[in-house]
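All values reported here derive from a predicted model rather than from experimental measurement.
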Amino acid sequence: MGILTNFKKIFPILLLMGIVFTACNNDENDNDLVIESKSVADYSYDVAFEWNDLFLEIERYAAGYRPGPAPRALAYIGLASYEACVNGFEKHKSIATLYPGLKLPVADATAEYHWPAVVNSLRANLMRRFFRSASNTLFEKITTLENKLGSKYRTESTEDVIQRSVAHGRAVADAVWEWSTTDATGHDAYLDPFKGYNWADYSNKPGHWRPTVPGPPQPMFPFWGRARTFAISESDKLCPPPLPFSESPTSPMFNQAMEVVAQTVNAPYENIWIAEFWSDDLLNLTFSPGPRWTAVANQVYKNEKSNLETALLCDAKVGMALNDAAVACWHSKFFYNVERPESYIKRVIDPKWEPVLDNPTNGDKGFSPPFPAYPSGHSTMGAAGAEALASIFGYDYAMTDRCHENRSDFEGRPRSYGSFQEMAEENAWSRVPLGVHYRMDCEQGVNQGYRVARKVNRLPWNK
């Protein structure tokens, strides 16, 4: 009885001690806990999609950005977005050490980040820098989108996480922009696309490029082949030589010029549709040929409901492939210096013939892009973009391209394809019925674009 009485007296004390011991034990366990942050793949593609969409809108009106500076901007923005989020990736790793001089801040592995907020901050920062010359109306859209997405993300996480994420995105953007300025050829090249080049100094053989009318008196971006690349080397830039120049009616060169005439004179409707659908040549009318493949990527993200890691990988690959394709293509263009079909056909076949490319924004008729023909930039960048997309979404990915759906100023009705390769090859062929390229330009452009993008695909992306 005494034992029971004594136990009743000390039980409350033991119980209190047990509670204290338990609490202390729990405190010790709490110190060992690591906060489980969401991975990048836990978020949707939305932030990449919205910023890509705004890039396409602003680039449409960006003088001097087509054809090379726009892919260059996509490459830097894509790589920066990828590297800023790499600590949150499940399947992919940093490739920053491949690039001498690129020094990036690294996310704190012990801290939580809201990865869409990182991307939102980074892209707003870089877009303001790449499009410093945009109109006030377009420039303000950068802030509008940044604020819209920022407000949304603040409802999804704590303020300290958001602030940390915003600061990290901005820091990576600053570092990538600083590195981009060390590219002496590419940086701010849009401000002077001609660089004091005089075409007459280089037109010293029959069949060499000369200006066409309408168009500027000098070719655009004569030195773009020296801009920084991300995956290819100097030896990868030069494509095989064009057909031997000849004006003989029995020559392959003459036959290719005659094919251009046949595809443009009294052309069937299908030719017109294909030519206008893929053109993307004209400032203020559409985005340019390289970014077209970012518009395709955005459609795929939406179709597949892609996660953010997949979208950031794809943006980086596509941007870098487009950049390197443009650099390689322009190196080859100015190395071979081949005249446009317009010059050959008017001199050799029919002086009254005109290309099909008209500009509804200013009334120009029969326009040829103002730089050498061989190889085709559309074809090179198109194949590069398609190869990068296929490496992620598959080589038999079927889709309907709605890039220009509901346009009334040209034939933009959607077209359906069984693969990205089919898209790339139709894009290349479209330059012949438009009257601005020979077949050889398009075929070698496609080959070069595939080669370039495969170099990008072989970079060490995977963990």
Please examine the side chains of [Y] and [X], heavy atoms only from C-beta on, and report whether any two atoms are closer than 4.5 Å.
{"X": "Thr310", "Y": "Phe393", "result": "yes"}
{"X": "Phe367", "Y": "Leu282", "result": "yes"}
{"X": "Val318", "Y": "Leu389", "result": "yes"}
{"X": "Asp281", "Y": "Leu434", "result": "yes"}
{"X": "Met253", "Y": "Tyr438", "result": "yes"}

[X]-[Y] side chain donor-acceptor pair, cut-off 3.5 Å:
{"X": "Arg123", "Y": "Asn52", "result": "yes"}
{"X": "Asp280", "Y": "His378", "result": "no"}
{"X": "Lys317", "Y": "Ser391", "result": "yes"}

Quick one: do Thr286 and Arg292 satisfy side-chain hydrogen bond (donor to acceptor under 3.5 Å, both in side chains)? Show the steps, please. CA-CA 9 Å; Thr286 69; Arg292 169 66 173 263; over 6 Å; no

Taking it one step at a time, do Lys103 and Glu178 satisfy salt bridge (charged side-chain N to carboxylate O under 4.0 Å, His left out)? CA-CA 9 Å; Lys103 299 176 181 179; Glu178 184 62 29; over 6 Å; no

For [X] and [Y], which heavy atoms make the closest approach, and how far apart are they?
{"X": "His331", "Y": "Lys237", "answer": "CD2-CB, 3.5 Å"}
{"X": "Cys442", "Y": "Val432", "answer": "SG-CG2, 4.0 Å"}
{"X": "Pro240", "Y": "Arg451", "answer": "CD-NH2, 3.9 Å"}
{"X": "Ala373", "Y": "Lys333", "answer": "O-NZ, 3.5 Å"}
{"X": "Ala311", "Y": "Ala48", "answer": "CB-CB, 4.0 Å"}
{"X": "Ala107", "Y": "Asn87", "answer": "O-ND2, 2.8 Å"}

Can you sort out the partners of Glu57 under side chain to side chain contact (heavy atoms under 4.5 Å, CB included), two or more places apart, ordered by chain and number? Leu54, Leu138, Lys141

Test of understanding: with side chain to side chain contact (heavy atoms under 4.5 Å, CB included), list the residues that count as partners of Asp188, not counting sequence neighbours. Arg132, Tyr190, Leu191

So with a 6.0 Å cut-off around CZ of Phe335, is the heavy-atom count from everything else above 12? no

Glu422 meets the salt bridge (Lys or Arg N to Asp or Glu O under 4.0 Å) criterion, sequence neighbours left out, with none

Students often mix this up, so state it plainly: with edges at 30° and 60°, are the rings of Tyr397 and Phe420 parallel, tilted or perpendicular? parallel

Is the ring pair Trp293/Trp278 parallel, tilted or perpendicular, if the boundaries are 30 and 60 degrees? parallel

Begin with the C-alpha distance, continue with both residues' side-chain angles, and end with the deciding distance and a verdict on salt bridge (charged side-chain N to carboxylate O under 4.0 Å, His left out) for Glu90 and Lys463. CA-CA 8 Å; Glu90 295 177 355; Lys463 287 183 177 179; over 6 Å; no

Is the backbone of Ala231 close enough, under 3.5 Å, to the side chain of Thr229 for a donor and an acceptor to pair up by distance? no

From Gln444, Glu259, Gln256, residue fulfilling side-chain hydrogen bond (donor to acceptor under 3.5 Å, both in side chains) relative to Arg439: Glu259

Report the distance from atom [atom1] of [X] to atom [atom2] of [Y], rounding to the nearest 0.5 Å.
{"X": "Asn266", "Y": "Asn271", "atom1": "CG", "atom2": "CG", "result": "11.5 Å"}
{"X": "Asp364", "Y": "Asp358", "atom1": "CG", "atom2": "CG", "result": "9.0 Å"}
{"X": "Arg415", "Y": "Glu405", "atom1": "CZ", "atom2": "CD", "result": "14.0 Å"}
{"X": "Leu312", "Y": "Cys85", "atom1": "CG", "atom2": "SG", "result": "5.5 Å"}
{"X": "Arg60", "Y": "Ile58", "atom1": "CZ", "atom2": "CD1", "result": "12.5 Å"}

Derivation and outcome, side chain to side chain contact (heavy atoms under 4.5 Å, CB included), residues Asp315 and Ile77: CA-CA 8 Å; Asp315 279 357; Ile77 291 170; over 6 Å; no

Could you check whether [Y] and [X] have their ring centres less than 6.0 Å apart?
{"X": "Trp177", "Y": "His187", "result": "yes"}
{"X": "Phe334", "Y": "Phe371", "result": "no"}
{"X": "His208", "Y": "Tyr202", "result": "no"}

Only one of Tyr336, Tyr344, Phe245, Trp209 forms a ring-ring contact (aromatic ring centres under 6.0 Å, His included) with Tyr374, so which one is it? Tyr336

Decide side-chain hydrogen bond (donor to acceptor under 3.5 Å, both in side chains) for Trp353 and Thr264; before the verdict, give the C-alpha distance in whole Å, the side-chain angles of both, and the deciding distance to 0.1 Å. CA-CA 9 Å; Trp353 180 87; Thr264 55; 2.9 Å; yes

Would you sort out whether Arg454 and Glu387 count as a salt bridge (charged side-chain N to carboxylate O under 4.0 Å, His left out), showing the intermediate values? CA-CA 7 Å; Arg454 285 166 188 157; Glu387 175 69 21; 3.6 Å; yes

Does the cation-pi check pass for [X] over [Y], that is, NZ or CZ under 6.0 Å from the six-membered ring centre and within 45° of its axis?
{"X": "Arg413", "Y": "Trp273", "answer": "yes"}
{"X": "Arg210", "Y": "Trp199", "answer": "no"}
{"X": "Arg226", "Y": "Trp330", "answer": "no"}

Just do the side-chain hydrogen bond (donor to acceptor under 3.5 Å, both in side chains) check on Glu426 and Tyr417 with the steps written out, would you? CA-CA 10 Å; Glu426 184 181 90; Tyr417 304 92; 2.4 Å; yes

Evaluate the criterion side-chain hydrogen bond (donor to acceptor under 3.5 Å, both in side chains) for residue pair Ser121 and Glu146; output intermediate values, then yes/no. CA-CA 7 Å; Ser121 172; Glu146 180 184 27; 5.1 Å; no

